[in-house]
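Comments concern the structure below.
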Amino acid sequence: MTAPVLAVEDLRVQLRTPRGTAHVVNGLDYTVGPGETVAVVGESGSGKSVSVLALMGLLPARTATVTGRALLQGEDLLAMSPDRLRQVRGPGIGMVFQDPMTSLNPVLTVGRQLVEGIRAHQQVTRQAARARAVELLAEVGLPDPQRAVDRYPHELSGGMRQRVVIAIALSNSPALLVADEATTALDVTVQAQIIDLVERLQSEHGTGVVWITHDLGVVAGIADRVLVMYGGRCVEDGTVDDVLERPAHPYTRGLLGALPDLAEPLSDGRRPDLATIPGVPPPPTDLPAGCVFWPRCPVRGDARCETEQPPLAFVESLSRATGSSLPHRAATWCGEGAR
Ligand SMILES: Nc1ncnc2c1ncn2[C@@H]1O[C@H](COP(=O)(O)OP(=O)(O)OP(=O)(O)O)[C@@H](O)[C@H]1O
Ligand SMILES: [Mg+2]
């Protein structure tokens, strides 16, 4: 087996809040192989964004406690000096945040930001970097890239800014791309174009991708594996076929519940989102004892659900039938396990 691009081991994040300690990420383990795409799904507040911000050292140091390991090509991101982290951002990790304005500098033109990002990590002339910047803007589908390169972020629409952020994230051909709802605000055609671009980067450079999304059409279309988060934990992970076709955890089944057909866009051209499950997720300052999902679980019954946390255990895998050894795991002992 080839070495993973990213190996996350027992990642935990606690945030101090006025309402007490928020246990936002509670022991996450996963790997991303070269060229592989891992989709991270789960309801709002399940800790998806915080879990990736922690990897990049982007949580406020005063209030956040991050533990565990996150090996990027063998080197622990959580133990890196700020200088080393700066070197790694770019060629090591490219990141697209949920809100594009947080990652753009409002006082610099788009071109300047791209050129500086490229020249910080690659030995190229300013001219060559600018030419590459225009090319990247064209690749992410920005209209009139020759002019857009001299624009300031506030002169662009939200969708255009998002594409600029994607261009910056891809500009140093990163080993790992972390995309947090990167294409959610974009129309389907542009989204498809960006996904093509990312897939090309993956086949050319072996880029590993962590793709956070609510959009199951995107999951079905691009992911190799899926990680389902709830209450800051992974409640299920496995190949895209295993998780979407044979969901073993009642939470995953709930998310997939009202799904029409994954492959079919809706009548307005959009893809279906995760379904709604009755009730709301627990606040991270007050997680239930036992299984995080039990207060909302339609099949709870076992007394252990309320007192013991079910471990992430292997469940039936479709891929095993095809000779693949990729695991399918779920943190459940309820119901009949995997169907
Ligand atoms: N800086 C912060 N201080 C305190 N609590 C925070 C902070 N950032 C996030 N949280 C809390 O951590 C939990 C997880 O938030 P996170 O943003 O990771 O969720 P998410 O899964 O990305 O949700 P969404 O799908 O809405 O983007 C939420 O309960 C949120 O309120
Ligand atoms: Mg988020």
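Quick caveat, the model's predicted, so the values are computed rather than measured. When a ligand or atom number is given, it counts from 1 through the structure's own listing order.
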Check your understanding: Does atom 7 (C) of ligand 1 have a protein non-hydrogen atom under 4.0 Å from it?
Key -> yes
Exercise for review: Could you tell me whether atom 20 (P) of ligand 1 has a protein heavy atom closer than 4.0 Å?
Suggested key: yes
**Study point:** Test of proximity, Val24 against ligand 1: N or O pairs below 3.5 Å
**Key:** no
Check your understanding: Between Glu181 and ligand 1, does any nitrogen or oxygen pair lie at a separation below 3.5 Å?
Key -> no
Practice item. Quick one: name the protein N/O/S atoms under 2.8 Å from the Mg ion (ligand 2), chain by chain. Key: Ser49 OG, Gln98 OE1
Check your understanding: If two hydrophobic side chains count as joined below 4.5 Å and joins carry through other members, does Val178 share a cluster with Val226?
Key -> no
Review point. Can you list the atoms of ligand 1 that are under 4.0 Å from a heavy atom of His214?
Key: 25 (O)
**Study point:** Per-atom contacts of ligand 1 with Val50, taking only distances under 4.0 Å to non-hydrogen atoms
**Key:** 8 (N), 9 (C), 15 (O), 16 (P), 18 (O)
Exercise for review: May I ask you to check if ligand 1 and Ser49 share an N or O to N or O distance below 3.5 Å?
Suggested key: yes
Review point. Which atoms form the tightest heavy-atom contact between Val96 and Ala182, and what is the distance?
Key: CG1-CB, 3.7 Å
Review point. Gly45 to ligand 1: N or O pair under 3.5 Å?
Key: yes
**Study point:** Any pair counted as salt bridge (Lys or Arg N to Asp or Glu O under 4.0 Å), so long as it reaches residues 148-159, sequence neighbours left out
**Key:** Arg130-Asp150
Check your understanding: Is there at least one pair of N or O atoms, one from Gln98 and one from ligand 1, spaced under 3.5 Å apart?
Key -> yes
**Study point:** Sidechain N-carboxylate O distance under 4.0 Å for Arg225, Glu36
**Key:** yes
